[in-house]
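Read the numbers this way: they start at 1 and go in the same order the structure lists the ligands and their atoms.
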Amino acid sequence: MMLRLFNTLTRSVDTFETIEPGKVRLYTCGPTVYNFAHIGNLRTYVFEDILKRSLCFLGYTVNHVMNVTDVGHLVSDADTGEDKMEMGAQREGKSVWDIAEYYFQVFRRHMDMLNLLEPDLWCKATDHIAEQIDLVRALEQKGYTYTLADGIYYDTSKFADYGRLARLDRDGLMAGARIEMVEGKRHPTDFALWKFSPHDKKRMMEWDSPWGVGFPGWHSECCAMAMKYLGDEIDIHCGGIDHIAVHHTNEIAQSEAVTGKQWARFWMHGEFLVMAKEGPDDNERMSKSSGNFITLDTLVEQGYDPLVYRYFCLNAHYRSPLTFSWEALDGAVNAYQRLKAHVIELGSQMCAAEEASHIHLDQFRAALEDDLNMPRALSVMWSLVRDPNVSGPVKMATLRAMDPVLGFNIEAMKRTELELDQDIQQLVCQREDARKARDFGQADLIRAELLARGYVIEDSPEGPRLKRSSPCN
Ligand code: AMP
Ligand code: ZN
């Protein structure tokens with residue numbers, strides 16, 4: 001089977017083909033580092049991590065670039081309101097640079113806790129001001145821009161295909177334009193490419209440009225950096241669903257206006273995490289402004305393993321909304337603990353390096369190839385773990401083969417729960433060899449030796465199992 005992925009551009013599950021054989025150029029919109037990422041934001045990064053891990057599992061080489069938004073993201077999508085970064089700095093009485101560095105490092109720590117692979121390249125908006133200016137200049141030369149009192153704007157009526165990604169009805173938008181508008185904006189969808197610093201206030205972050213001192217618009221950074229590091233044509237561009245209508249639509253309008261080529265082949269978007277509320281139809285998006293704001297550290301303070309949250313996310317398809325409640329999270333705790341218990345039990349049967357179960361691995365691969373169907377991949381994992389016809393070592397080998405995608409740290413589960421030293425493992429193997437050679441005297445001697453060291457060995461149809469001995473043994 002071929003990998004098939006849902007493409008927001010076509011609204012269908014399409015066969016994935018790369019520009020360069022075997023290589024994927026992947027760009028994922030990164031965090032705006034003015035506050036903690038909440039677990040809703042993190043759900044999107046878990047989806048992107050699964051995408052990247054699945055691509056690697058399926059044999060692709062992935063070049064993954066992620067940005068860090070440390071300037072220019074205004075509170076409102078309509079190019080009004082304050083810069084989120086400057087707001088964060090005021091709130092905490094720190095410099096914008098300190099805020100950016102602090103929250104970026106927290107974000108990386110959270111990525112690590114969730115076992116999210118880091119991108120091959122991080123790029124910060126503030127390190128790429130020149131590239132953004134060049135992009136705006138190129139748009140200006142091609143006649144896509146106009147100047148207002150507060151900045152340089154993109155004239156969306158000049159880009160014939162504007163809004164294709166979001167299926168925007170431009171005429172409808174024009175007729176019923178009620179959204180908050182910057183004075184002089186020609187069309188409601190026009191957006192700022194470069195904003196001028198206010199005359200009466202010095203911004204903490206501002207730069208010279210051919211148009212005056214100011215700062216770049218948020219939609220230019222991803223465009224300029226992704227094109228710099230991945231090229232004029234890329235394979236996949238990702239983000240959360242809220243990015244479809246404005247941010248990604250405006251990225252396309254810039255890159256494709258400049259190059260005349262289709263920019264990203266696949267646009268992939270993760271659905272939102274919503275907060276469960278009283279009524280069944282009363283769910284609410286988790287957002288920083290609503291006060292419904294839970295971070296990964298909150299979960300840890302409540303006693304949850306961060307990887308339980310990873311499991312929780314994998315249990316829903318990335319294109320389905322996921323409702324967060326503590327009860328639902330407890331469901332993931334149970335499942336994750338059961339998995340851990342199985343792994344620990346299986347981990348004590350580590351004599352032979354067995355091959356993985358190809359039947360299960362094939363089913364697992366098929367689930368990934370079917371638009372990253374992780375709930376199905378997890379159910380394949382559980383059918384493996386529960387299959388009485390698969391031996392313990394084969395189960396372990398298969399779980400190990402699945403873990404590069406699942407990212408549950410299967411190896412660490414074994415190590416932390418049962419600190420088996422080399423000697424103990426060797427004794428288990430020697431006893432297994434003795435038993436197979438029907439040298440039961442020797443096998444019993446080794447069993448006694450293990451007991452003296454605090455381990456009980458039990459034989460099961462799946463192989464020997466090791467447990468810590470209780471005072472009664
Ligand atoms: P931000 O740091 O605000 O730019 O957001 C980071 C990422 O989180 C973006 O890809 C958003 O689309 C995504 N996002 C924001 N809110 C949620 C949510 N409640 N659930 C899932 N993803 C979200
Ligand atoms: Zn972006």
Side-chain angles (χ1 to χ4, degrees), residues 8 26-51 65-77 83-85 87-88 99-100 103-104 106-108 110-111 114 116 119 122-125 128 132 135 165-166 191 216-227 229-230 234 236-255 263-264 267-276 283-296 309 312-313 316-324:
T8 307
L26 170 68
Y27 186 86
T28 56
C29 286
T32 307
V33 284
Y34 71 110
N35 207 332
F36 298 105
H38 54 60
I39 54 173
N41 299 132
L42 293 175
R43 180 188 183 200
T44 291
Y45 299 109
V46 170
F47 141 61
E48 292 162 353
D49 184 63
I50 287 295
L51 168 66
V65 174
M66 174 148 39
N67 67 301
V68 179
T69 300
D70 53 1
V71 66
H73 193 170
L74 303 188
V75 170
S76 157
D77 268 346
D83 181 320
K84 290 182 176 179
M85 293 300 303
M87 255 173 60
I99 289 279
Y103 287 110
F104 177 45
V106 174
F107 182 73
R108 291 181 76 182
H110 287 170
M111 281 187 79
L114 284 172
L116 306 182
W122 284 110
C123 45
K124 292 186 182 172
H128 298 82
Q132 293 172 77
L135 175 68
L165 180 74
F191 57 93
W218 173 41
H219 314 302
S220 301
E221 74 173 74
C222 289
C223 196
M225 297 192 286
M227 290 207 289
Y229 294 112
L230 295 173
I234 68 175
I236 310 178
H237 195 313
C238 298
I241 42 154
D242 57 325
H243 282 352
I244 300 172
V246 180
H247 184 50
H248 288 167
T249 288
N250 291 347
E251 285 189 40
I252 291 174
Q254 293 170 87
S255 57
W263 189 29
W267 285 87
M268 294 181 67
H269 296 96
E271 250 293 352
F272 264 45
L273 181 82
V274 293
M275 295 295 285
N283 291 336
E284 196 177 88
R285 282 182 172 196
M286 179 167 293
S287 77
K288 294 181 192 180
S289 52
S290 72
N292 264 324
F293 187 89
I294 299 176
T295 68
L296 197 59
Y309 184 64
F312 178 72
C313 292
H317 191 267
Y318 76 90
R319 285 198 290 119
S320 307
L322 174 59
T323 304
F324 179 85

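If you number the atoms of ligand 1 from 1 as listed, the ones under 4.0 Å from a heavy atom of D242 come out as 11 (C), 12 (O).
With atom 4 (O) of ligand 1 as the reference point, the heavy atom nearest to it among L322, T32, V46, V68 is part of T32. Summarising the contacts of atom 16 (N) of ligand 1 with F107, Y34, F272, the nearest heavy atom is found in F272. One option in P321, C313, G40, G240 has a heavy atom closer to atom 10 (O) of ligand 1 than any other, and that option is G240.
Within the 4.0 Å heavy-atom criterion, both parts of N41, backbone and side chain, lie near ligand 1.
Residue contacts to the Zn ion (ligand 2): H243 brings no N, O or S atom closer than 2.8 Å. Here H219 fails the criterion, with no N, O or S atom under 2.8 Å of the Zn ion (ligand 2). At least one N, O or S atom of C29, from either the backbone or the side chain, sits less than 2.8 Å from the Zn ion (ligand 2).
Residue H269 places every heavy atom at 4.0 Å or more from ligand 1. At least one heavy atom of P31 sits less than 4.0 Å from an atom of ligand 1.
You'll find the side chain of Y229 stays beyond 4.5 Å of the side chain of Y27, heavy atoms only.
Note: an N/O pair closer than 3.5 Å links L273 and ligand 1 by distance alone.
H38 and F293 have perpendicular rings, their planes meeting at more than 60° on a 0 to 90° scale where under 30° would count as parallel. Ring-plane geometry between W267 and H237 is classed as parallel, the angle between the planes falling under 30 degrees on a 0 to 90 degree scale with a further cut at 60.
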